[in-house]
Asker: 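Sharing a structure here in structure tokens format.
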Amino acid sequence: QVQLVESGGGLVQAGGSLRLSCAASGRTFSSYAMGWFRQAPGKEREFVAAISWSGGSTYYADSVKGRFTISREKNTVYLQMNSLKPEDTAVYYCAAKKSPRITMQAMIAHQYDYWGQGTQVTVSS
């Protein structure tokens with residue numbers, strides 16, 4: 001079992017930055033690929049970014065490429081978010097996948113085995 005706890009959300013003006021953290025505990029975290037998803041009110045949960053267990057492979061949604069960076073260190077995964085836009089407003093969730101590698105399947109929410117409780121990000125215009 002893996003427990004995931006997100007933090008770092010908040011209110012920021014458009015153009016600003018936030019860094020989200022996801023702290024993992026439980027089983028061998030280093031063998032899990034990780035992802036970030038987000039869900040805005042009235043919308044489906046959507047993929048944001050994913051990273052392999054080694055950190056050597058990453059995927060990003062087109063909407064965040066060049067603005068967001070996913071990284072991992074020890075038992076924590078980060079999402080650095082720059083040049084934030086109002087449309088980035090959502091609850092952000094981290095997720096763990098029982099596989100060290102990632103493929104295009106990493107963009108699919110049901111491929112993940114564990115989820116955090118989410119952290120709210122609000123970007124004002």
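No experiment lies behind these values; they were computed from the predicted model shown.
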Asker: Considering non-hydrogen atoms only, spot the tightest contact between Ala49 and Leu79 and give its length.
Answerer: CB-CD1, 4.2 Å
Asker: Apply side-chain contact (heavy atoms from CB on, under 4.5 Å) to residues Glu46 and Phe37 and explain how you reach the verdict.
Answerer: CA-CA 5 Å; Glu46 66 172 359; Phe37 289 76; 5.9 Å; no
Asker: Let me see the working for Thr122 and Val12 under side-chain contact (heavy atoms from CB on, under 4.5 Å), right down to the final yes or no.
Answerer: CA-CA 6 Å; Thr122 303; Val12 64; over 6 Å; no
Asker: What verdict does the side-chain contact (heavy atoms from CB on, under 4.5 Å) test give for Ser57 and Arg101, after you've listed the backbone C-alpha separation in whole Å, the side-chain angles of each residue and the deciding distance to 0.1 Å?
Answerer: CA-CA 8 Å; Ser57 297; Arg101 300 178 183 84; over 6 Å; no
Asker: If you measure from CG on Asn75 to CD on Gln3, what distance do you get to the nearest 0.5 Å?
Answerer: 11.5 Å
Asker: Any side-chain to backbone donor/acceptor pair from Tyr60 onto Arg67? Under 3.5 Å, distance only.
Answerer: no
Asker: Can you tell me if Thr119 uses its side chain to pair, donor with acceptor, with the backbone of Ser7 under 3.5 Å?
Answerer: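 Checking the backbone N and O of Ser7 against the side chain of Thr119, no donor-acceptor pair under 3.5 Å is found.
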Asker: Using a 4.5 Å cut-off on heavy atoms from C-beta on, say whether the side chain of Thr69 contacts that of Met81.
Answerer: no
Asker: So how far is it from Leu20 CG to Cys94 SG, rounded to the nearest 0.5 Å?
Answerer: 9.5 Å
Asker: Under 3.5 Å, side chain of Glu73 to main-chain N/O of Val77, donor-acceptor pair present?
Answerer: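 No; judged by distance alone, with no hydrogens or angles, the pair does not exist.
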Asker: If you compare all heavy atoms of Thr58 against all heavy atoms of Ile70, which two are closest, and at what distance to 0.1 Å?
Answerer: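 Looking at all heavy atoms of both residues, the shortest contact is CG2-CG2, 3.8 Å.
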Asker: Going from CD on Gln105 to OH on Tyr59, what distance comes out if it is rounded to the nearest 0.5 angstrom?
Answerer: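 Reported value, rounded in 0.5 Å steps: 10.0 Å.
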Asker: Between Asp62 and Lys65, does any NZ, NE, NH1 or NH2 come within less than 4.0 Å of an OD or OE carboxylate oxygen?
Answerer: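 Yes, charged N to carboxylate O under 4.0 Å.
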Asker: Parallel, tilted or perpendicular: which one describes the rings of Tyr114 and Tyr32, with boundaries at 30° and 60°?
Answerer: tilted
Asker: Can you name the nearest heavy-atom pair linking Ala14 to Ser125, along with the distance?
Answerer: CB-CA, 4.4 Å
Asker: Are Tyr93 and Val121 in one and the same hydrophobic cluster, where Ile, Leu, Val, Met, Phe, Trp and Tyr link if side-chain heavy atoms are under 4.5 Å apart?
Answerer: no
Asker: Run the numbers on Arg72 and Tyr78 for side-chain contact (heavy atoms from CB on, under 4.5 Å), then give the verdict.
Answerer: CA-CA 6 Å; Arg72 64 190 300 168; Tyr78 302 98; 5.9 Å; no
Asker: Closest approach of Ala106 and Tyr112, non-hydrogen atoms and distance?
Answerer: O-OH, 2.7 Å
Asker: Using atom types as modelled and distance alone, determine if a side-chain donor or acceptor of Asp113 lies under 3.5 Å from a backbone N or O of Lys98.
Answerer: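 Here the side-chain-to-backbone pair exists.
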Asker: For Phe68 and Trp36, I'd like to know if the aromatic rings sit close, meaning centre-to-centre distance below 6.0 Å.
Answerer: no
Asker: Do the non-hydrogen side-chain atoms of Met34 and Leu4 ever get within less than 4.5 Å of each other?
Answerer: yes
Asker: Output yes when a side-chain donor or acceptor of Ser52 lies under 3.5 Å from a complementary backbone atom of Ile102, and no otherwise.
Answerer: no
Asker: Would you check if the side chain of Glu6 reaches a backbone N or O of Gln117 as a donor-acceptor pair within less than 3.5 Å?
Answerer: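 Yes, Glu6 side chain to Gln117 backbone: donor-acceptor pair under 3.5 Å.
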Asker: So, Tyr92 versus Arg38: side-chain donor-acceptor pair below 3.5 Å or not?
Answerer: yes
Asker: Group every Ile, Leu, Val, Met, Phe, Trp and Tyr by side-chain heavy-atom contacts under 4.5 Å, then state whether Val91 and Val64 land in the same group.
Answerer: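 The answer is no; the residues belong to distinct hydrophobic clusters.
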Asker: Please give me the minimum heavy-atom distance between Ser17 and Asn82, naming the atom from each residue.
Answerer: OG-OD1, 2.9 Å
Asker: Where do Trp53 and Ser31 come nearest, in terms of heavy atoms and distance?
Answerer: CB-C, 4.1 Å
Asker: Would you kindly confirm whether Val48 and Ile51 end up in one hydrophobic cluster when ILVMFWY residues are joined by side chain heavy atoms under 4.5 Å apart?
Answerer: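 Yes; tracing contacts between hydrophobic side chains, which count when under 4.5 Å, links both residues.
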